[in-house]
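Okay, structure first, notes after.
Lettering follows sequence order; numbering is per chain, from 1. Model, not experiment: these values are computed from the prediction.
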Amino acid sequence: MNRVSSTFHNHFLTRSPNIILSTCLRRISTLSVTNLIQNHIHNGNITDARQLFDQNPQSCNTLTWNSMITAYIKHNQMQSAHNLFDEMPVRDVVSWNTMMSGSNKAKDPHKLHQLFLQMKRAGVTPNHFTFSTAISGFVNTFEILVPQLHVLVLHLGLHSNVFVGSALMRGYTRLQDRKGLLRVFDDVVLKDISTWNALVVGYMELGLTVEAQIIFDKMPDVNIISWTTLVNGYIENKKISQARSIFDNMPQKNVVTWTAMIKGYAKCDKYNDAIQLFISMLKSGTRPNHFTLSTVLDACAGCSTFLFGNQLHSCILKSGFHSEVVLLTSLVDMYTKCGDIEAALRVFESMEKKNVVSWNSVIGGCARHGLATRALCEFERMIESGVKPDNVTYINLLSACVHGGLVEEGERHFSLMEGRYGIKAEMKHYSCMVDLYGKSGEIEKAERLVKEMPFEPDVGVWGALITACGLHSCYELADGLENLARDYPTIYAMLVKLNGEKGEWSRAVEMRNKMMEAGARQQTAGSRTEFPLV
DNA sequence: GTAGGGTTAG
C-alpha cells in the first residue's frame, strides 16, 4: 500500500485531476484483478482465474502470466501452459524456468532441452533456478551435456548454489565421473544434508561402498533420507547383509525405508525374507503404501505364494490404492506367475488405466499359460487402445507364437516390429524366432536366422537351435555344434541322445564321457539355467 | 510466479 500511496502522491504533483483519477482507478483495478486471479489460483479455481485473465488483458503483467502458467502445470495441464507461454508478450527468466520445470514434471527431457536452447537464443540469461532444473532434467537423457552446463555455471558464478550443486553431482554420478562429482561437492560452500546425501549416492553408484560409508560417518547431520540412501546403496551393490545391519541399527524407520529393504530381499531372490520383513513392518505399525504393496506382490510372484498374494489383493481393494497402475500391474503379474490366469485377466479388465507394462504383463501371462490366440487378441486390443508396443511386448508376443506353434503370425509380427514400430530385434527376439522355427520343424530357417543375426548368438539362441535338433533328430546340424559344447556342456546330452537314436553307440559313449568330464550333469541337475535339456 | 536427496510393475 505504501508504494501505491506514493505513486498517487507523485501524480497529484504533476498531473491534472482527471488524469490523476483515471490513473488511480486503473491502478486499483490492476491490483484487484491480479489479486483476484491469484486468489482463484490459490483456491484451485483455475477456470475462473483464466476467465478473469482473458477479460483483463491490460491488467495482466508478466507475473500474472507466469502465475497462470504455474497453475496449469500444477494441475497437469501442460498443453494449456504451453499455449499461454506461446502467447506471452514478454517472457522473463521465471517464465522460461517455469516451463522447463513443467517439462521435467511431464518427463519430457526433449522439450526441456528445446526450451533451454530457445531461452538462450531469446537472449535471456539463465539463473540458478534454470540450471538446477535443466541439469536435473538432463540426467538420464542428455547427461553428456552436464560438463558443458557446468562450464556455464562456473562462468556465471552459480557453482556455490546448493541446488545447482546437487543437480551437477547427480549429473557427474550418471557420467561415472568421480573427479567431477568431488569437484562440484567441494565448490558448494554451504553444504546442506542434500549435498552430503548426493555424495553418498554418488559413491554408492560408482560401487565405492567403503568411501560412501566414510562420507556418511563424516556427515555433520544425517536424516532418515541419508540412512535410507545408505541402505539402498548397499542393496544396489548386492551387499544385502550390510544393508540389513544398517537397517536394524537405524534410529528410525519409515515406509520408504521398509520398502527399500523388502525390495532388497526380493532383488536377490530371497522372497521369503522379503515377505517376513513385510510382516515385521506391519507388526511395527508402519502402514504400507502402493510402493510397498507392489514390491511384496513381486516377491509373491517370485516364490509363487498364491495365498499370500491373494490376501494382498483384498488389502489393496480396501486400501484406496485401487487406481494405481503399477500396483495393479504387479497384481496381474503375481496372478499369472502363481498360476491363476483367470484372476489375472479379471484384474486386468478392471483397470481403468493401462500402460505398456500392464499390457505386456497380460500378454506375457497368456503366453506363459499357453493361451496364444488370447495373447494375440490382447496385442490387437493394445494397439487399438493407442498404447505403443515396446521390445518386451514383442518378446511376449513372439513367445506366445512359440507356445501356439503360430509360425506365420510370428513371422509377420517379427517383421512389423521394426517396419512399423521401429523396434530393433534383440537377442531375445531372435531366440524366440529360432525356437518358433525349431519347434515347428523348420530347422533350415532356424539355422539361417542364427547365421544372419547381427550379433553373436547367446545361450538362449543356441539352446533353441539345439533343442530343435533334439526334437527333430537333426544329427548333421547337431554334430556340427559339438565345438560349442565346451561353453555349453549340455550340448553333449543332446549328442548322446541323437547318436544313440542313430545307433552310433561308440560316439554316444564318447559324448557321454565328455559330458561327465565337463560336469554337465551336475550343472544341469540343480541349477536354474535357461538352457533346455533335450 | 521458478529449483534439489531415499521406496513400485513387464
Side-chain angles (χ1 to χ4, degrees), chain A residues 34 37-38 41 61-71 73-74 92-102 104 126-137 139 158 161-171 173 188 192-202 204 222-233 235-236 253-264 266 288-298 301 321 324-334 336-337 355-365 367-368 390-393 395-396:
Chain A
T34 312
I37 291 175
Q38 298 287 1
I41 290 174
N61 52 16
T62 308
L63 190 146
T64 321
W65 282 82
N66 289 341
S67 305
M68 258 330 291
I69 292 175
T70 305
I73 291 172
K74 205 173 159 192
D92 64 7
V93 63
V94 180
S95 328
W96 289 98
N97 292 346
T98 308
M99 285 305 293
M100 283 190 230
S101 144
N104 270 357
N127 62 13
H128 39 286
F129 285 89
T130 321
F131 284 107
S132 71
T133 308
I135 296 165
S136 315
V139 173
L158 301 170
N161 179 280
V162 276
F163 292 93
V164 177
S166 34
L168 278 170
M169 287 171 73
R170 281 172 195 279
T173 298
V188 180
D192 63 8
I193 294 194
S194 287
T195 320
W196 285 92
N197 284 348
L199 191 59
V200 174
V201 169
M204 282 296 191
V222 289
N223 58 13
I224 195 160
I225 297 173
S226 325
W227 284 102
T228 313
T229 300
L230 196 67
V231 169
N232 221 21
I235 290 170
E236 290 298 322
K253 301 175 183 64
N254 64 11
V255 60
V256 182
T257 330
W258 282 100
T259 308
M261 195 64 230
I262 294 169
K263 174 73 192 168
N289 61 17
H290 59 289
F291 290 88
T292 325
L293 293 171
S294 49
T295 305
V296 182
L297 280 171
D298 192 33
F321 298 127
E324 293 289 339
V325 184
V326 176
L327 179 55
L328 295 182
T329 303
S330 310
L331 195 56
V332 170
D333 190 54
M334 182 278 294
T336 70
K337 287 181 180 160
N355 64 19
V356 61
V357 184
S358 332
W359 285 102
N360 290 350
S361 299
V362 85
I363 294 169
R368 206 174 302 124
D390 67 5
N391 54 338
V392 180
T393 317
I395 293 170
N396 293 349

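An anti orientation is assigned to B:dG6, its glycosidic angle lying beyond 90° of 0.
In this structure, A:Glu324 atom CD and B:dT8 atom P are separated by 14 Å, rounded to whole Å. Rounding to whole angstrom units, CZ of residue A:Phe321 and P of B:dT8 are separated by 15 Å. The distance from atom CG of A:Asp298 to atom P of B:dT8 is 10 Å, rounded to the nearest whole Å.
A:Ser101 and A:Asn104 form no side-chain donor-acceptor contact under 3.5 Å, judged by distance and modelled atom types alone. Side-chain contact, A:Thr229 with A:Asn197: no donor N or O sits under 3.5 Å from an acceptor N or O.
In plain terms, the two heavy atoms of A:Trp227 and A:Val222 that are nearest each other are NE1-CG2, 3.8 Å.
Rounded to the nearest 0.5 Å, atoms OG1 (A:Thr98) and CZ (A:Phe129) are 9.5 Å apart. Within the model, atoms OG1 of A:Thr295 and CG of A:Asp298 stand 7.0 Å from one another, a figure rounded to the nearest 0.5 Å.
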Worked verdict on A:Ser67 versus A:Gln38 for side-chain contact (heavy atoms from CB on, under 4.5 Å) = CA-CA 7 Å; A:Ser67 305; A:Gln38 298 287 1; 3.0 Å; yes
Reading nucleotides 2-7 of chain B 5' to 3', which nucleotides get B (base under 4.0 Å from a protein heavy atom), which S (sugar-phosphate only), which -?
-> BBBBBB
